[in-house]
Every structure is written in structure tokens, then in C-alpha cells.
Amino acid sequence: MSETRDITDAITAAAEREAATSLAFLRDLIRLSQQGEDAIQDFIAASLRALGCRIEELRYRPAEVPLVEEFAAGHAIPPRERRSVLGILPGNSTGRSLMLFAHPDPEPLGGLEAWRHDPFAATVADGRLYGWGAADDLAGIAMMVQGLRVALAAGIRPAGTLTLASTPSKQHARGVAAVLHKGYRADAAVYMHPAESGIGMQEIKAFAPGQLEFRITVAGRLPDTQEPAHTAFAHLAVNPLEKAMIVCQALRDLDRRRGERVTHPALQAAIGRSTNLLISSIRCGDAERPSRLDSQCVIGGALSFPPPERLDAVMQEVEAAIAQAATTDDWLRDHPPQIEWIAGVGAAETTADDPLYRIVAEAVTAATGLVPRVNPLHTASDIRNPIIQMGMPTVGLGPLCGSLTMAGGQDEWVDVADYQRAVRVTATIIAHWSR
């Protein structure tokens, strides 16, 4: 207990001494964001080298990165090469290794005329630091670099190897997956990213629901007529909207069955249900020409699911429900609905009894006086990548930054005091995990 208290006191003192440097570092990142991603990455590499890290760079093409429990069919993936910067601080064989990761690529520039603060001036006002990319995810980058700086300033050098990865994420960049599949590993990982849910450091990302998005095309048959109106000939046609209702009913029945069968305590406690199948759109016909039939109807939908369900198993369940519905109708039996899977991500979780979660939660409590909680609704959070692809326990955390709608929008900000707490927490995690 005395050793733990000594470490906490040393980190607290070092964080206070380094507070101005930590804030200046994040402000420098915001100013550099106007010059582009490479300028940010160069600055990060130089900063990590100055802290004693060995710098390695990974250049990759996102379309060539293997994915596990994830797909994005039909999405345009930019062909340009991307660049990850990794700072590696070697440890010894006695300590557990740790990977900290964040992404250096903010949203594409746009809508700057709506800002009240200069997006690249890194203005501090009323306890907030404003700037382009501040919340998504330059604060995360600063947390891990300055967290290491504070740990070293406190006289703490990790016993296990520490890897700090600045790796792209936006526009299907797949940076974390690229780093993992290139062979970089650790006993655990922490995703550095401000908390978009509005409670800052009181939240730990340790749960990411899975999600599938799909389209189902249901064919019909137009009447054999040249008349502009189809009303009189409707009995000679097959209305795809009527057939689509059969498919929709099958999806509603599947949703009801899954809601009864598939449960997870975290989601049940948060929203009272652990899985949902949403029918979000039905595109059929022309509202301006109500007397004409369409040749097909397209249903759009999405399905959320908790761990430990697997992506492929859930997809098979949906396909089976649609196939079964088709057997109940003569037309659908001969003209089966066609399902197109648009996108999907797997579900992932690091449980509260995992050593990583306990250490992170204790570090947050020591810095804030609050017991953190898990928000189980961060669909597709990047914590899923190390968990699903490599079996690495992973959590995420970061300072208060507003809401999910703010990143890439007007007057993006992070809370300065919570950012400083996040740096201190990061240093504490480095110290306690590697022992």
C-alpha cells in the first residue's frame, strides 16, 4: 500500500510540474492540424524520440489490411498510402507490456466559417481548449505522449515494453488493425480518446456492441400494359410492397425472438434491451404517381448485438429468417428476396474483473475521486480491434469534450482540467500495469 501511495504522490507532483508543458503540447498539435496529418506525425515522432522511445514507422494501404469480424462492402476506401508512427520504450522480461493508441487524423476540414474561435489558434476560454481535432483525437494523442512524459518525470520507467501508436482511423483508415497485423503486440491496450458521452473521465470504454447494416431487395412484376396507370391492372401484377410486408413481418418476428433470447446485463441495465433489429426504410414506388406500381421494393435495416455473439452467426440468423419467410409465399419461393450486407462490426468487451480494467478504474478514481462506469453503447469503438483481432484486453478513456455530434463540427473543444487529469491517469496506468 505504501508503494502504491508513493507512486501516486510522485505522479501527482510530476503532473503538476508538467501541466503547462502538457497543455502546450496539445495546443501545438491543434496548430499543426492545419498543415495536415504528416506534420502532426512528424511532431509526434520527434516528441517520442525525445522521451527515449525508439521510433518505427508503418506505411500501409487500408484496403490491404486484414479485418476480423468486420466488413464494409461497397464503401470507397481511399487508395492512398497511410502512415502510422510508433514509439517503443523497451522494458524487461519482468513487466507486462502495454500499448497506448490514438489517431492523429481529425475530420476533413470544412465549415470553418461557423466557428466563433479560430480553429487553429488553440484558444483557451472558460476552461475549454478550442481547436480543430481537439476532441477527435488530438487530445488522445497528447494524453499518451504527455502521460509517458509525466511518468518519466516522476522517476518511473515501465518494467514492461510500452508501445505508443499514433495511427490513422478516419475514412476507413484501419490504422489500429494495420499495426496489429504487422506484428505489434502487448499484454493489453488502452485507446486514448475523449469521452463523447459528456461525462469525461468518469467513463471507461470497455464495451462495444456489434452492428450489421443491410438492404433487402424484394422483386415484383409489373402488369403487361402500356397504360400509364396500373390501377385497373393491379390483379395482373405482383406488388413488391405487399411481398415486402411479408419480409418485414419475418424481421419483426426475428427481432422479438432475439429480444427474448439474447441478453447482456450491461445493456439490459442501460436501455432495457440487448439487441434490436431496426427496419429503417422501405423504398418503393413514386409518391407523386400513386397509380403506378414499382418493379421492386428495397428494405433498409440494421441489427445491434452484444458480445459474445459473432458477426457471422448473426448474419446467418437473419438470412435464415428471410429464407423461411420466402417459403410461405408462392411468389417469394420462386423469387427469393436478395439480401446485401452493407457493413458490419463485431462486438467486444473487457469485463470489470479484468486486471486492466481494475488498474484503469483505480487510476481514474485516484485522480477524480469518482468511481468510473462503463457506457455499453459505444458501437464500433476502436477498443474492439485489439480485443477481436488479437485477444488483447482493451479499454478506452479520455477527458470531457462535449457530445458525439461535436467532432468535425463548430467550436470543437476539450475541458482543460479534465485533460490534465487524463494525462495524470495515463501516467498512473503506465506505472501500475507494467510492474
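Position 1 is the first residue of the sequence, and the numbers go up from there.
L397 approaches V425 most closely through the heavy-atom pair CD1-CG1, 3.5 Å. Nearest heavy atom pair, residue A325 against residue A250, reads CB-CB, 3.5 Å. Taking every heavy atom of both residues into account, E412 and A134 meet most closely at OE2-N, 3.5 Å. Counting all heavy atoms, side chain and backbone alike, A139 lies closest to V414 at CB-CG1, 3.9 Å.
Residue S166 holds its OG atom at 3.5 Å from CD of Q41, rounded to the nearest 0.5 Å. Here the OH atom belonging to Y419 is positioned 7.5 Å from the CZ atom belonging to F25, to the nearest 0.5 angstrom. Rounding to the nearest 0.5 Å gives a distance of 5.0 Å between CH2 of W331 and CZ of R221. The structure places OG of S22 at 11.0 Å from CE of M143, a figure rounded to the nearest 0.5 Å. To the nearest 0.5 Å, atoms CG (L278) and CD (E213) are separated by 10.0 Å. Here the CG atom belonging to L129 is positioned 9.5 Å from the CG atom belonging to L138, to the nearest 0.5 angstrom.
Remark: the D137 side chain and the S169 side chain contain no N/O donor-acceptor pair separated by less than 3.5 Å. Between the side chains of T167 and S84, at least one donor N or O sits under 3.5 Å from an acceptor N or O.
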Worksheet item: Can you check salt bridge (charged side-chain N to carboxylate O under 4.0 Å, His left out) on D255 and R252, steps first, answer last?
Response: CA-CA 5 Å; D255 183 41; R252 286 194 290 267; over 6 Å; no
Item to complete: Take E227 and R292 through the test salt bridge (charged side-chain N to carboxylate O under 4.0 Å, His left out) and record every step on the way to the result.
Response: CA-CA 10 Å; E227 293 291 334; R292 289 188 63 84; over 6 Å; no
Fill in: Derivation of the side-chain hydrogen bond (donor to acceptor under 3.5 Å, both in side chains) call for S304 and N276
CA-CA 5 Å; S304 64; N276 275 295; 4.7 Å; no
Fill in: Steps toward side-chain hydrogen bond (donor to acceptor under 3.5 Å, both in side chains) verdict (Q296, T217)
CA-CA 7 Å; Q296 67 178 24; T217 301; 5.2 Å; no
Discussion item. side-chain hydrogen bond (donor to acceptor under 3.5 Å, both in side chains), that's the test. Do Q316 and D312 meet it? Break it down for me.
Written reply: CA-CA 6 Å; Q316 290 170 15; D312 54 354; 4.9 Å; no
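In this structure, P337 and V218 have side chains that are in contact, with non-hydrogen atoms separated by less than 4.5 Å. Side-chain contact between F101 and T394 is present, with heavy atoms from C-beta onward closer than 4.5 Å. A 4.5 Å side-chain heavy-atom check between N385 and V68 finds every atom pair outside the cut-off. Under the 4.5 Å side-chain criterion, counting only non-hydrogen atoms from C-beta, S381 is not in contact with F207. Side chains of L86 and E57 form no contact here, defined as non-hydrogen atoms less than 4.5 Å apart.
Surrounding CG of D286 are more than 12 heavy atoms belonging to other residues, nucleotides or ligands, all under 6.0 Å away. For CZ of R185, the number of neighbouring non-hydrogen atoms (other residues, nucleotides, ligands) closer than 6.0 Å is greater than 12.
Listed by chain and residue number, V145, L148, R149, L152 satisfy the side-chain contact (heavy atoms from CB on, under 4.5 Å) test with L51 (two or more places apart in sequence, or in another chain). In this structure, the ring pair (Phe, Tyr, Trp, His ring centres under 6.0 Å) partners of H193, at least two apart in sequence or on a different chain, are H103, Y191.
Between R83 and E37, no side-chain nitrogen of the basic residue sits less than 4.0 Å from a carboxylate oxygen of the acidic one, so the salt-bridge criterion is not met. Between D329 and K243 there is a salt bridge, since a side-chain N of the basic residue sits under 4.0 Å from a carboxylate O of the acidic one. At a threshold of 4.0 Å, the pair E203-R373 does not count as salt-bridged, since none of the basic side-chain nitrogens sits closer than that to a carboxylate oxygen. A salt bridge is defined here as a Lys NZ or Arg NE, NH1 or NH2 lying under 4.0 Å from an Asp or Glu carboxylate O, and E70 with R384 meets this definition. In summary, K170 and D105 do not engage in a salt bridge, as defined by a charged side-chain N under 4.0 Å from a carboxylate O. The existence of a salt bridge linking E56 and R54 is confirmed by a sub-4.0 Å separation between a basic side-chain nitrogen and an acidic carboxylate oxygen. A salt bridge does not link E260 to R258: none of the charged nitrogens lies less than 4.0 Å from a carboxylate oxygen. Ion pairing between D126 and R128 fails under the 4.0 Å rule for side-chain N and carboxylate O.
With respect to I141, the side chain to side chain contact (heavy atoms under 4.5 Å, CB included) criterion is satisfied by exactly one of I40, L100, L29, L26: L29.
A distance-only check finds no donor-acceptor pair linking the side chain of H117 to the backbone of Y130 [under 3.5 Å]. Side chain of R424 to main chain of A15: no donor-acceptor pair is present (N/O by atom type, distance under 3.5 Å, no hydrogens or angles). Counting only distance, with no hydrogens or angles, the side chain of W433 and the backbone of S97 share a donor-acceptor pair below 3.5 Å.
Among pairs with a residue in residues 336-352, those fulfilling side-chain hydrogen bond (donor to acceptor under 3.5 Å, both in side chains) read R215-E340, H264-E349, E319-W341, T351-D353, at least two apart in sequence or across chains.
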